[in-house]
Amino acid sequence: MNNIAIVVHGGAGAWELGSKRIRVGRAACDAAALAGHAVLKAGGSALDAVETAVHILEDCPALDAGRGSYLNKLGQVEMDALIMDGRTLNLGAVASIQRVRYPISLARRVMTDTEHTFLVGPGADAFADQIGFPRCTIEELIVSSDDDYEDAPGPLGDTVGAVAMDAEGNLASATSTGGTRNKMPGRVGDSPLVGSGGYADNWTAAVGATGQGESIMKVVLSKRVCDLVSDGLSAQAACEAAIRLLEERVGGECGLIAIDSQGNVGIARNTRAMPYAFVVGMDGKLKNGQ
Ligand code: GLY
């Protein structure tokens with residue numbers, strides 16, 4: 001039996017340290033890591049653990065995914081998500097979807113219920129309706145400015161994500177986002193792009209990325225972490241090396257979380273902050289930071 005592990009993040013970005021938003025975001029990360037860990041401890045799969053954890057992050061109004069997603073230039077919510085199974089390399093992704101409270105679960109249904117891997121815009125919305133996936137109003141996704149969750153606008157996307165290893169040694173990754181604040185309608189970042197916003201392969205690692213999507217996708221950041229692990233680096237060293245590469249090659253800013261096939265955890269960023277939480281081991285204690 002393998003050692004279980006889960007790592008979650010609430011987005012690398014221009015957080016005001018000490019703000020209400022980061023306090024609420026950190027609490028959501030703690031709750032998400034504990035909920036995902038409970039799934040793993042009960043014998044659940046890494047896929048179930050990351051989906052459960054991301055639901056909690058998507059529900060948090062202080063985080064840029066699901067409820068609380070940033071708005072585009074037209075004041076609309078357009079969300080992206082990706083889930084990947086490290087055992088089979090199966091994946092499901094959605095982009096530019098609207099009126100869905102839990103985009104990560106729709107991405108999973110793309111993986112399990114279609115012969116495709118990635119559905120976007122009206123096609124993804126039509127698929128949601130076809131399978132009777134729960135829809136919501138846009139009002140349920142938008143957080144009122146009275147709620148005081150806005151930091152000073154920064155250039156970065158935030159995003160949420162989770163990676164996990166279950167007791168059978170299977171890895172999974174899940175990423176969900178509302179994208180960047182005030183983005184062009186139709187803009188899609190790194191998050192739903194396999195290898196950029198996330199990747200999971202039992203042979204190497206499960207990885208989740210967050211930050212500046214336009215930069216992250218140029219270097220296919222999450223897959224790079226897996227390749228560095230394949231070259232012999234630990235999860236932590238691989239995350240740090242991938243961020244150095246992003247900086248040097250395209251001047252990007254991001255955060256990364258990872259679990260390698262040995263169950264080692266990696267967490268790194270070159271942004272002001274990235275709330276995160278993790279639990280390693282059956283009786284492991286919650287650890288967190290920002
Ligand atoms: N990393 C999230 C985005 O750029 O959309």
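Owing to the predicted nature of the structure, the values given are computational and were not obtained by experimental measurement. Sequence positions, counted from 1, serve as the residue numbers for this chain. Both ligands and their constituent atoms are indexed starting at 1 by order of listing. The basis for the numbers below is simple: all heavy atoms, side chains too, and nothing from hydrogens, waters or symmetry mates.
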query: Taking the six-membered ring of Y199, is the NZ or CZ of K223 close enough (under 6.0 Å from the centre) and on axis enough (within 45°)?
result: yes
field: Closest contact, heavy atoms only, A33 versus L286
entry: CB-CD1, 3.8 Å
Which of the atoms in ligand 1, numbered in the order shown and given with their element, are less than 4.0 Å from a heavy-atom of [X]?
X	value
G213	4 (O)
G189	5 (O)
D190	1 (N), 2 (C), 3 (C), 4 (O)
T159	1 (N), 2 (C)
S191	1 (N), 2 (C)

message: Between E58 and S176, do the side chains contain a donor N or O and an acceptor N or O under 3.5 Å apart?
response: yes
message: Can you tell me if E214 contacts ligand 1 (heavy atom of the residue under 4.0 Å from the ligand)?
response: no
field: Cluster link V110 to L193, ILVMFWY, side chain under 4.5 Å
entry: no
field: Joint hydrophobic cluster, V280 plus I6, side-chain heavy atoms closer than 4.5 Å
entry: no
field: Enclosure of R249 CZ (heavy-atom neighbours >12, cutoff 6.0 Å)
entry: no
query: Taking N or O atoms only and a 3.5 Å limit, does G211 qualify as a polar contact for ligand 1?
result: yes
- request: Using a 4.0 Å heavy-atom threshold (strictly under), name the region of R187 that reaches ligand 1: side chain, backbone, both or neither.
  value: side chain
